[in-house]
Amino acid sequence: MEKSPLGEFEELVLLAAHGLGGDAYTVSIQERIEQHAGRMAALGAIYTALRRLKDKGFLTSEMGPSTPQRGGKRKRMYTVTPSGKEALYLVRQTRNRLWQEVSGRPAWILS
């Protein structure tokens, strides 16, 4: 069995970026994780995960246009690559296999 290409937090960051589509930047990824995973996500941790994901070839980035809301500053926008989508698929397959092993067991075993 192959090793997962993603750590847990990297998976959350990549999944959030994928779900955000063309609006994936650091703060939007942070907000998505906090909203859906119910956990705090420090910007520093997100920057580190984004760098690792780019190094693995799972993300690309480019500078977006400047906006008046940011005082003319530009945002770095992230896009999930086909390799990144494949990594998410592999992680999901692994989780599904593990959940299949516990399905059908009495509820008290799962708690």
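We're numbering straight along the sequence, starting at 1. This structure is a prediction, so every number in the text was calculated from the model and none was measured.
- Remark: Y25 OH to L20 CG distance equals 8.5 Å, nearest 0.5 Å.
- Atoms CG and NZ, on L6 and K56 in that order, are 5.5 Å from each other to the nearest 0.5 Å.
- One distance of note links CG of D55 with CZ of R51; it measures 6.5 Å at 0.5 Å rounding.
- The shortest side-chain heavy-atom distance between E10 and R52 falls under the 4.5 Å cut-off.
- Of the possible polar contacts, one joining the T81 side chain to the F58 backbone as a donor-acceptor pair under 3.5 Å is found.
- Looking only at distances, a side-chain donor or acceptor of R74 sits under 3.5 Å from a matching main-chain atom of G64.
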Table please: side-chain donor-acceptor pairs of residues 38-49 below 3.5 Å, with sequence neighbours left out.
from	atom 1	to	atom 2	distance (Å)
R39	NH1	E8	OE2	3.4
T48	OG1	G44	O	3.0

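- Partners of R95 under the salt bridge (Lys or Arg N to Asp or Glu O under 4.0 Å) rule, at least two apart in sequence or in another chain, are E11.
- Of all the heavy atoms in A16 and I29, the pair that sits closest is CB-CG2, 4.0 Å.
- Interatomic distance, L53 CG to S83 OG, rounded to the nearest 0.5 Å: 12.0 Å.
- K54 meets the salt bridge (Lys or Arg N to Asp or Glu O under 4.0 Å) test with no other residue; sequence neighbours excluded.
- For the pair L14 and V91, the minimum side-chain heavy-atom distance is 4.5 Å or more.
- Residues I33 and V13 meet the side-chain proximity criterion, which asks for heavy atoms closer than 4.5 Å.
- In this structure a side-chain-to-backbone donor-acceptor pair under 3.5 Å is missing from T79 to T60.
- Here the side chains of Y78 and L50 are in contact, with some heavy-atom distance below 4.5 Å.
- Few gaps surround CD on Q93; more than 12 heavy atoms of other groups in view lie less than 6.0 Å from it.
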Notebook entry, point to check: Step by step, would you call E62 with R76 a side-chain contact (heavy atoms from CB on, under 4.5 Å)?
Noted result: CA-CA 6 Å; E62 63 182 44; R76 180 164 298 279; 5.7 Å; no
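- Between atom CZ of residue R97 and atom CZ of residue R92 there is a gap of 13.0 Å, rounded to the nearest 0.5 Å.
- For the atom pair CE (M77) and CE (M63), the distance works out to 10.0 Å, reported to the nearest 0.5 Å.
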